[in-house]
Visitor: 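Before we start, here is the structure in question, set down as structure tokens.
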Amino acid sequence: METTMWTVDKDVDNLVTYPQIIEAAEKLKGNEVVAFPTETVYGLGGNAKDDGAVAKIFAAKGRPGDNPLIIHISNLGQLEHFAVNISETAQILMETFWPGPLTLVLEKREGVLSEKATAGLSTVAVRMPGHPVALALIEASGLPIAAPSANVSGKPSPTTAAHVHEDLDGRIAGIVDGGPTGVGVESTVVDCTGKYPVILRPGGITREQLEETVGKIGEDPALTDSSQVPKSPGMKYRHYAPDSPLYLVDGSAAAIQQLVDEKRAAGMKVAVMTTEENKGFYRADIIIACGRRSKLETVAESLYDTLRSFNETDADIIFGEVFPVAGVGEAVMNRLTKASGNPIITKNL
Ligand code: TXA
Ligand code: MG
């Protein structure tokens with residue numbers, strides 16, 4: 001399949017009337033799948049009401065069928081068609097954080113969306129993305145748009161159109177290139193079907209922001225205890241992994257350097273994933289800085305691009321620094337531990 005590229009300037013007025021947006025929306029209406037930018041990562045969109053369109057999303061990504069998709073909307077009026085019994089708390093969260101990087105799990109109205117999109121669950125995950133291109137495309141299509149991240153399953157999520165192209169060229173109808181995304185990690189997924197909201201996946205809206213708005217917030221025990229089954233089906237899969245093994249190290253730069261030296265002495269090509277502040281410290285074969293430690297938003301923003309860039313090196317092994325689990329650091333560490341798949345090495349000198 002020929003994958004069309006549409007380039008769009010996200011800052012122009014009246015995007016919804018742009019020929020590129022209209023063309024991409026026509027593909028969506030024809031039940032083809034199209035990648036588009038959101039403020040978090042690029043999504044791979046398709047008509048959430050059509051089994052065939054949703055099947056194309058799963059096929060292009062190689063995604064397991066038991067992992068439901070987030071339904072993207074551009075206005076609140078779309079919500080009542082497929083969600084019911086929306087709690088007051090959920091409404092406050094929408095008013096406060098939409099459009100933005102927050103996904104709410106709500107009770108589903110049966111018979112409207114493709115069962116494949118929600119993996120047969122009685123709930124539905126919804127978000128209104130805070131990106132002008134995403135909003136214009138959804139509006140022009142007039143559809144609820146099912147969209148997972150536009151990467152091949154297991155790989156780091158895409159934060160540029162080039163990442164999407166790398167993974168999905170020839171497998172999807174088109175890519176709307178609206179530039180790099182911004183937040184860099186996916187939306188926070190919050191279950192709003194119980195007594196109080198529960199975080200199923202940390203993301204762009206922080207726990208602190210949620211608590212400030214609605215008070216008590218729970219957390220899926222599976223986020224900190226790997227023996228528990230996650231309530232968000234996607235959280236049980238390994239994700240975001242670079243090709244070479246990644247080990248996170250909780251320790252000083254000097255402690256990490258000692259690990260690097262040991263592996264190099266054994267003849268391995270060793271990479272370090274660090275930050276702007278520390279990159280001058282290391283002696284290694286490959287050193288890549290992922291944002292600034294003093295501003296964790298910059299780490300989130302470049303996280304997936306950094307993970308992908310190790311695949312362009314000949315590293316045999318990667319050592320990575322850890323980050324404080326606060327603010328967006330919670331999402332960063334969630335993604336990094338999944339990317340690693342190995343226990344964190346604690347090393348004191
Ligand atoms: O920022 C984002 O959320 C991006 C952009 C494209 O919007 N999308 C994204 O989608 O990250 P995806 O498919 O990569 O992750 C969706 C997550 C998965 O962990 C999935 O299991 C969970 O949301 N999810 C979807 N529906 C759910 C439901 N009804 N109950 C619990 N978890 C659900
Ligand atoms: Mg994903």
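Both backbone and side-chain heavy atoms feed into the values below; hydrogens, waters and symmetry mates do not. All ligand and atom numbering here is 1-based and tracks the order in the structure. Just so you know, residue 1 is the first one in the sequence shown, and it goes up from there.
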Visitor: Clusters formed by hydrophobic residues whose side-chain heavy atoms approach within less than 4.5 Å: which one holds Tyr237, and what are its other members?
Guide: none

Visitor: Check ligand 1 against Leu200 and write out every atom of the ligand that is under 4.0 Å from a heavy-atom position of the residue.
Guide: 31 (C)

Visitor: If waters are left out, how many protein N/O/S atoms lie within less than 2.8 Å of the Mg ion (ligand 2)?
Guide: 1

Visitor: Report the nearest protein non-hydrogen atom to atom 18 (C) of ligand 1: residue, atom name, distance rounded to 0.1 Å.
Guide: Asn67 OD1, 3.7 Å

Visitor: Given Lys61, which partner from the list Leu44, Asn67, Asp167, Val152 fulfils the side-chain contact (heavy atoms from CB on, under 4.5 Å) test?
Guide: Leu44

Visitor: Work out whether the distance between some heavy atom of His72 and some atom of ligand 1 is less than 4.0 Å.
Guide: yes

Visitor: Could you tell me whether some N/O pair between Ser187 and ligand 1 is separated by less than 3.5 angstrom?
Guide: yes

Visitor: With sequence neighbours left out, what residues match Asp305 under side chain to side chain donor-acceptor pair (under 3.5 Å)?
Guide: His163

Visitor: Asp250 and Thr346: side-chain donor and acceptor closer than 3.5 Å?
Guide: no

Visitor: Return the residue, atom name and 0.1 Å-rounded distance of the protein heavy atom closest to atom 6 (C) of ligand 1.
Guide: Gly43 CA, 3.5 Å

Visitor: Please identify each residue that fulfils side-chain contact (heavy atoms from CB on, under 4.5 Å) with Tyr247, with sequence neighbours left out.
Guide: Pro245, Ile317, Phe319, Asn342, Ile345

Visitor: To check your reading of the model: name the closest protein heavy atom to atom 32 (N) of ligand 1, its residue, and the distance in Å.
Guide: Ser232 OG, 3.1 Å

Visitor: Please check whether Arg63 reaches ligand 1 - meaning an N/O of the residue sits under 3.5 Å from an N/O of the ligand, judged on distance alone.
Guide: yes

